[in-house]
There are 2 protein chains.
Amino acid sequence: MTTENAERLTIGEVAQAAGVAATTLRYYEREGLLSPTDRSRAGYRLYDDGAVERLEFVRAAQAVGFTLDDIRALLELNGDSPCKEVQALIERRLTEVDEKLADLTRVRSTLADALQRCRKSKKGCAVVADLKRKRGKRRSK
Amino acid sequence: MTTENAERLTIGEVAQAAGVAATTLRYYEREGLLSPTDRSRAGYRLYDDGAVERLEFVRAAQAVGFTLDDIRALLELNGDSPCKEVQALIERRLTEVDEKLADLTRVRSTLADALQRCRKSKKGCAVVADLKRKRGKRRSK
DNA sequence: ATACACCTTACACCTACATGTAAGGTCAAG
DNA sequence: CTTGACCTTACATGTAGGTGTAAGGTGTAT
């Protein structure tokens with residue numbers, strides 16, 4: 001597939017562009033996360049370039065802890081959904097994201113503190129002690 | 001186990017305090033994340049209350065996407081490690097955390113934007129369109 | 001002294017998220 | 001017109017992070 005059609009990408013091209021394996025794209029299709037817009041005569045999957053953006057959104061959301069199920073739910077939202085439900089879902093997700101941000105910030109400051117002390121002391125650095133002393137509210141999903 | 005010894009907690013007590021299953025604690029022990037400080041005559045695991053803090057750190061770190069392996073590495077750091085290595089590890093983790101913060105912030109603003117539009121429009125809300133338009137740099141771990 | 005909730009080990013099983021493998025079809029280049 | 005990189009499907013396997021189950025011991029309340 002070297003014919004630069006400038007609108008229809010094969011699975012390999014999309015995969016390369018987004019930095020995932022082609023097999024992963026087929027998997028995402030089965031899971032309803034991203035379908036090719038078309039097929040070639042031979043049955044090859046053909047994607048438009050929006051697919052790459054969408055895929056990048058999926059990966060970013062995944063990197064911060066959303067499951068594929070969560071992400072599918074977000075991606076499935078469209079003009080046909082009753083606005084109430086859409087709003088509620090988005091609000092729930094926002095709350096989750098904010099909790100994650102709080103956790104992450106906490107972990108970050110633990111690490112930063114540990115690094116500080118580590119730099120200060122000529123000798124070994126008791127990071128474990130630091131970690132053990134750190135506190136925070138519960139989160140379990 | 002109802003005897004309040006005020007320093008030695010059984011697995012069930014720790015589990016309850018931290019909001020995880022006792023089986024999970026045994027699993028963490030096998031994985032080297034958290035060991036009881038002692039055993040009773042009968043072989044019951046006995047933890048000091050630092051265990052709860054430690055466990056909370058584990059869960060918070062996990063909630064924001066660290067693997068148990070990552071977390072073990074952090075927790076294993078101690079005064080015996082050469083400071084150079086310790087620093088390097090912490091620095092690497094800090095970088096990861098900052099990348100996660102960036103991703104998370106991006107996802108957050110996508111959601112917030114979507115919610116805005118959703119509130120504005122009387123009718124359906126094209127969230128998918130929003131998501132597709134959002135961009136960001138690669139992250140795949 | 002017996003019920004009952006808790007603990008022990010060992011091992012099988014589960015879900016999410018892929019990845020690999022086999023068996024075959026497609027297509028542009030040499 | 002064949003080579004070799006790509007694509008197809010279907011199915012098996014792998015890893016992380018647990019959960020469940022069986023078979024048995026513990027400890028305290030009644």
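For clarity, every value in this text was computed on a predicted model and none was experimentally measured. Below, all heavy atoms of this structure are taken into account, side chains as well, without hydrogens, waters or symmetry copies.
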Colleague: Would you say A/R8 and A/D48 make side-chain contact, with heavy atoms under 4.5 Å?
Modeller: yes

Colleague: Taking salt bridge (Lys or Arg N to Asp or Glu O under 4.0 Å) as the definition, give me every residue that meets it alongside A/R108, ordered by chain and number, with sequence neighbours left out.
Modeller: B/D98

Colleague: DNA chain C: A/A21 or A/A42, which has the more 5' nearest nucleotide?
Modeller: A/A21

Colleague: Could a donor-acceptor pair under 3.5 angstrom be found where the side chain of B/Y44 meets the base of D/dG27?
Modeller: no

Colleague: With respect to the side chain of A/R39, which nucleotide from C/dT9, D/dT9, D/dG18 is positioned closest?
Modeller: D/dT9

Colleague: Within this structure, what is the CZ-to-P distance between A/R8 and D/dC6, rounded to whole angstrom?
Modeller: 22 Å

Colleague: Hey, are the side chains of A/R45 and A/R26 touching, using non-hydrogen atoms and a 4.5 Å cut-off?
Modeller: yes

Colleague: Decide, yes or no, whether a salt bridge links A/R59 with A/E56 under the criterion of side-chain N to carboxylate O below 4.0 Å.
Modeller: no

Colleague: For the pair made of CD1 in B/I11 and P in D/dT26, what is the distance, rounded to whole Å?
Modeller: 17 Å

Colleague: If I take atom CD in residue A/Q16 and atom C1' in nucleotide D/dC7, what distance separates them, rounded to the nearest angstrom?
Modeller: 15 Å

Colleague: Whether B/R93 and B/E96 form a salt bridge (side-chain N of Lys/Arg under 4.0 Å from carboxylate O of Asp/Glu) is what I want to check.
Modeller: yes

Colleague: From the options C/dA18, D/dG17, C/dA16, select the nucleotide whose nearest atom is closest to the side chain of B/T67.
Modeller: D/dG17

Colleague: Quick one: B/L68 CG to C/dA16 P, roughly how many Å, whole number?
Modeller: 18 Å

Colleague: Between B/R72 and B/D69, does at least one N-O distance fall below 4.0 Å, as a salt bridge requires?
Modeller: yes

Colleague: In whole angstroms, how far is the P atom of C/dA18 from the CZ atom of A/R72?
Modeller: 13 Å

Colleague: Closest heavy-atom contact between A/L55 and A/A18?
Modeller: CD2-CB, 3.5 Å

Colleague: With the threshold set at under 4.0 Å for non-hydrogen atoms, list the residues of residues 22-31 of chain A touching DNA chain D in residue-number order.
Modeller: A/R26

Colleague: Find out whether B/T110 and A/F57 are in side-chain contact, i.e. whether some heavy atom of one side chain is under 4.5 Å from a heavy atom of the other.
Modeller: yes

Colleague: Could you tell me how far apart A/L33 (CG) and C/dA16 (P) are, to the nearest whole angstrom?
Modeller: 13 Å

Colleague: Rounded to whole Å, please give me the gap between CZ in A/R41 and P in D/dT8.
Modeller: 14 Å

Colleague: Starting from C1' on D/dT26, measure out to CG on B/L46 and report it in whole angstrom.
Modeller: 13 Å

Colleague: Would you say B/Q62 reaches D/dA16's phosphate, i.e. side-chain N/O to OP1/OP2 under 4.0 Å?
Modeller: no

Colleague: Counting only heavy atoms from other residues, nucleotides and ligands, does the tally under 6.0 Å from CD of A/Q16 exceed 12?
Modeller: no

Colleague: Less than 4.0 angstrom between a side-chain N/O of B/R45 and OP1 or OP2 of D/dT26, yes or no?
Modeller: no

Colleague: Determine which bases of DNA chain C form Watson-Crick or G-U wobble pairs with both distances under 3.5 Å, and write the result as a 5' to 3' dot-bracket string with | for other-strand partners.
Modeller: ||||||||||||||||||||||||||||||

